[in-house]
Amino acid sequence: MSASERPRQLDARNVWRFGLGLSLVVVFSGCSGDILGRGGGDGRGDGDGNGNGADASLANGLRRLSHTEYNHTVRDLFTGIDVQRQQFVADPIPYGFDNDQDALAVTSSHIGDYFSAAVDIAQLIRDNLDQMDGFLSCTPADADSACCHDFVDRFGAKAFRRPLTSEESGAFYEFCDTAPGQGDLGAAVQLTVQAMLQSPQFLYRLEGDELTPYDVASRLSYFFWQSLPDDELFAAAAADELGTAEQVEQQARRMLDDPRAERGFLHFFEQWMEVDRVDQVSKLPQDNFDRPLRNAMMEESHRFITDVIFARDGSLSDLFNSTTTFVNARLADLYGVAAPDGQEWAEVDLGGQRAGGFLTQTAFLTGHGHPNNPSPVLRGVFVLDRVMCRALGAPPPEAQAAGIPGEDGSGAVTNREEYEAATANSPCNSCHQIINPVGFAFENFDTLGRFRDTDNGAPVDATGALPDGRGFDGATTLTSMFGEDPEVADCMTEHWIRYAFGGGDKTRSRSLRSDLSDRFASADLRLRELLVAIATHPEFFERK
């Protein structure tokens with residue numbers, strides 16, 4: 001479309017100001033039910049005197065969509081067309097997850113990115129109106145003001161995750177009733193979409209002093225799907241059928257059976273497992289660590305998690321003790337197994353050497369290795385921090401400047417000996433006495449995750465011990481402890497709380513963690529059941 005055919009540029013560039021000028025006041029309707037804390041007390045618990053009760057509520061009423069949530073929401077708003085993933089200025093990720101409410105500030109760079117994304121998406125919608133079945137209640141050729149108003153109300157309710165107020169509808173009707181939208185439905189739709197995608201009601205999850213059923217629907221959908229509610233969830237909110245634990249559980253289980261739940265689980269696990277490190281590390285030229293191999297490693301992780309959670313209704317033990325994974329030809333060669341016959345990907349059983357679930361798979365081992373040697377420090381820190389929730393704090397400046405063991409030609413024979421020598425007398429030794437013995441469990445795997453019995457001609461020593469003194473010999477002995485370990489189960493619960501609540505005070509709620517850990521244990525540590533337990537817990541619906 002030429003510049004002369006576009007809606008007036010003045011109107012387009014005033015859309016952001018128009019969106020900001022819309023009222024931020026949300027009209028909340030009263031409703032009843034136990035889970036929202038209305039009718040029998042205030043629904044906020046009794047507190048424990050440590051900021052973990054009535055004063056430790058999840059929401060502050062204003063939470064910006066993360067970049068992942070934005071992209072999933074946009075794609076679910078415009079089904080039937082291919083909306084490309086939008087790129088935004090990176091957000092900080094202070095605790096491992098990208099939806100931390102305290103980190104999601106808005107800068108001038110964000111505003112510019114949101115404007116550009118809205119312009120591009122709105123143009124795409126206008127160009128494809130004829131192909132978007134059900135998007136409009138009329139054909140563009142038969143459009144009139146009533147049809148445009150209907151579009152505003154229906155699309156606005158989805159974009160804002162609740163029905164529009166009369167003031168909001170009236171404001172957006174102006175795009176239908178004045179030039180350039182008047183008489184040109186395509187222009188009206190384009191400007192409406194552009195304005196709504198930049199409005200606070202879309203970019204933020206806005207909640208008032210009391211949760212409405214639509215707020216409950218959004219909490220559920222952004223927890224399970226990282227996106228807006230679907231039609232069934234909207235209908236349940238409209239009928240006030242999200243007020244009890246039983247009603248919420250019914251929706252939660254339905255949502256877990258929806259394909260969108262896979263991307264929610266995957267997004268949690270790819271962050272928890274630090275899968276993106278595969279894109280951040282480098283290896284030696286002879287390892288041929290190219291883009292197809294990186295992609296294959298990440299795809300293996302995705303297929304493994306999807307299989308554990310959705311095909312097997314898997315447990316913590318499956319996550320840490322499974323011997324099966326998925327390979328293509330490149331990964332089959334790395335693992336030393338036969339390549340898939342007649343298909344791109346195949347499930348394989350790797351046997352006892354790899355009975356460590358994702359901790360003995362390529363994405364973890366490769367992502368936590370240096371170019372020439374594996375890193376027992378990176379691997380050990382991951383286990384202590386992400387698997388056991390034993391935070392060690394940031395390393396001191398001396399450690400940052402020390403370099404990688406083995407690069408100075410110290411003469412040590414094995415990788416383990418290099419690290420033992422490098423950390424024995426350093427200022428960091430007190431931490432390395434905890435880290436190294438855990439990381440040495442993975443010495444049978446080189447920096448690309450290939451199994452080895454020897455290192456530089458010497459036998460591999462993969463013995464070690466956990467901080468509580470439990471010893472092990474090799475990764476599979478270590479991971480065999482994790483499948484039913486209460487400390488590991490509590491740590492998994494803590495990470496899911498942080499993810500589900502978007503950070504905030506609830507991550508410090510001892511009562512919440514205790515309740516959920518008990519329910520997790522009673523469900524045989526099945527991961528889907530942990531999500532249901534979170535979604536139906538009264539604290540999931542608390543407000544300040």
Side-chain angles (χ1 to χ4, degrees), residues 16 19-20 22 24-26 56-77 83 85-118 121 158-162 195-209 211 214-229 260 263-272 274-276 494-509 534-535 539-544:
W16 173 251
L20 288 179
L22 293 176
L24 294 182
V25 177
V26 181
S57 173
L58 156 69
N60 57 15
L62 186 71
R63 182 190 297 179
R64 201 199 84 209
L65 298 183
S66 71
H67 298 336
T68 299
E69 291 169 340
Y70 179 101
N71 279 295
H72 285 327
T73 301
V74 165
R75 299 195 76 167
D76 289 343
L77 269 175
V83 180
R85 182 176 181 85
Q86 304 298 310
Q87 300 296 324
F88 302 112
V89 60
D91 285 325
I93 306 178
Y95 298 104
F97 300 109
D98 64 359
N99 65 345
D100 190 282
Q101 59 182 310
D102 294 327
L104 298 179
V106 173
T107 67
S108 58
S109 295
H110 286 98
I111 293 173
D113 287 345
Y114 288 141
F115 172 79
S116 296
I121 294 169
K158 293 191 69 174
F160 290 0
R161 282 87 68 179
R162 57 162 176 78
M196 287 187 176
L197 293 187
Q198 297 176 85
S199 65
Q201 292 93 323
F202 172 76
L203 293 171
Y204 290 85
R205 290 164 54 191
L206 303 170
E207 297 175 349
D209 292 333
L211 292 186
Y214 292 101
D215 296 328
V216 174
S218 285
R219 287 199 179 187
L220 290 171
S221 67
Y222 280 97
F223 174 34
F224 286 108
W225 294 341
Q226 297 277 289
S227 187
L228 78 166
R260 281 167 288 192
R263 72 188 184 194
F265 263 101
L266 286 176
H267 191 57
F268 169 87
F269 277 107
E270 69 186 2
Q271 293 180 94
W272 178 67
E274 299 181 347
V275 173
D276 65 341
E494 179 180 337
H495 288 308
W496 271 110
I497 290 172
R498 183 174 298 281
Y499 181 78
F501 287 80
D505 292 337
K506 279 302 173 191
T507 58
R508 297 190 292 274
S509 173
I534 293 172
E539 292 193 41
F540 189 66
F541 303 98
E542 286 185 356
R543 289 283 292 114
K544 284 185 179 179

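Positions are given from 1, in the same order as the sequence printed here. Computed from a prediction, not measured in an experiment: that's the story for all the values here.
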* To do: Please step through side-chain contact (heavy atoms from CB on, under 4.5 Å) for the pair Q198 and F115, ending with a clear verdict.
  => CA-CA 7 Å; Q198 297 176 85; F115 172 79; 3.2 Å; yes
* Asked: Would you say R219 and E207 make side-chain contact, with heavy atoms under 4.5 Å?
  -> yes
* Asked: So, for L77 and K158, which heavy atoms are closest and what is the spacing to 0.1 Å?
  -> CD2-CB, 3.7 Å
* Structure fact -> Closest heavy-atom pair, D100 versus G503, reported as atoms and distance to 0.1 Å, is OD2-CA, 3.8 Å
* To do: State the CZ-CG distance between R161 and D215, to the nearest 0.5 angstrom.
  => 10.5 Å
* Classify the ring geometry between F269 and W272 as parallel (under 30°), tilted (30 to 60°) or perpendicular (over 60°). => perpendicular
* Full working for side-chain contact (heavy atoms from CB on, under 4.5 Å) between F223 and W496 -> CA-CA 10 Å; F223 174 34; W496 271 110; 4.0 Å; yes
* Asked: Looking at CG of L104 and CD of E69, how far apart are the two atoms once the value is rounded to the nearest 0.5 Å?
  -> 7.5 Å
* **R162 side chain reached by Q201 side chain, heavy atoms, under 4.5 Å** => yes
* To do: Please confirm whether the backbone N or O of T107 pairs with a side-chain atom of H110, one donor and one acceptor, at under 3.5 Å?
  => yes
* Structure fact -> Shortest non-hydrogen pair, A103 vs P92, comes out as O-CG, 3.6 Å
* Asked: Where do S227 and T73 come nearest, in terms of heavy atoms and distance?
  -> OG-CA, 3.4 Å
* To do: Would you sort out whether M196 and F160 count as a side-chain contact (heavy atoms from CB on, under 4.5 Å), showing the intermediate values?
  => CA-CA 8 Å; M196 287 187 176; F160 290 0; 4.2 Å; yes
* Asked: Any donor-acceptor pair under 3.5 Å linking the side chain of Q271 with the backbone of D98?
  -> yes
* Just by distance, do the side chain of R64 and the backbone of L203 share a donor-acceptor pair under 3.5 Å? -> no
* Is there a donor-acceptor pair closer than 3.5 Å between any side-chain N or O of D276 and the backbone N or O of E270? -> no
* To do: Supply the atom-to-atom distance T68 OG1 to Q226 CD, rounded to the nearest 0.5 angstrom.
  => 6.5 Å
* Asked: Using the benzene-type ring in the case of Trp, are the ring centres of F501 and F540 under 6.0 Å apart?
  -> yes
* Asked: So, the side chain of R263 versus the backbone of W225: is there a donor-acceptor pair under 3.5 Å, distance only?
  -> yes
* To do: Report yes if the side chains of F202 and V74 come closer than 4.5 Å at any heavy-atom pair, otherwise no.
  => yes
* **Y499 vs I534, side-chain contact (heavy atoms from CB on, under 4.5 Å): CA-CA, chis, key distance, verdict** => CA-CA 11 Å; Y499 181 78; I534 293 172; over 6 Å; no
* Structure fact -> Shortest non-hydrogen pair, S218 vs R205, comes out as O-NH2, 4.1 Å
* Quick one: sort the H495 and F97 rings into parallel, tilted or perpendicular, breaks at 30° and 60°. => perpendicular
* **H67 and D91 side chains, donor-acceptor separation under 3.5 Å** => yes
* **Which atom of N99 lies closest to which atom of R498, heavy atoms considered** => OD1-O, 4.5 Å
* Asked: Taking the six-membered ring for Trp, are the ring centroids of Y114 and Y70 within less than 6.0 Å of each other?
  -> yes
* With side chains defined as the heavy atoms from C-beta onward, is the minimum distance between F88 and N71 less than 4.5 Å? -> yes
* Asked: Any donor and acceptor pair, going by atom type alone, linking the side chain of E542 with main-chain N or O of E539 inside 3.5 Å?
  -> no
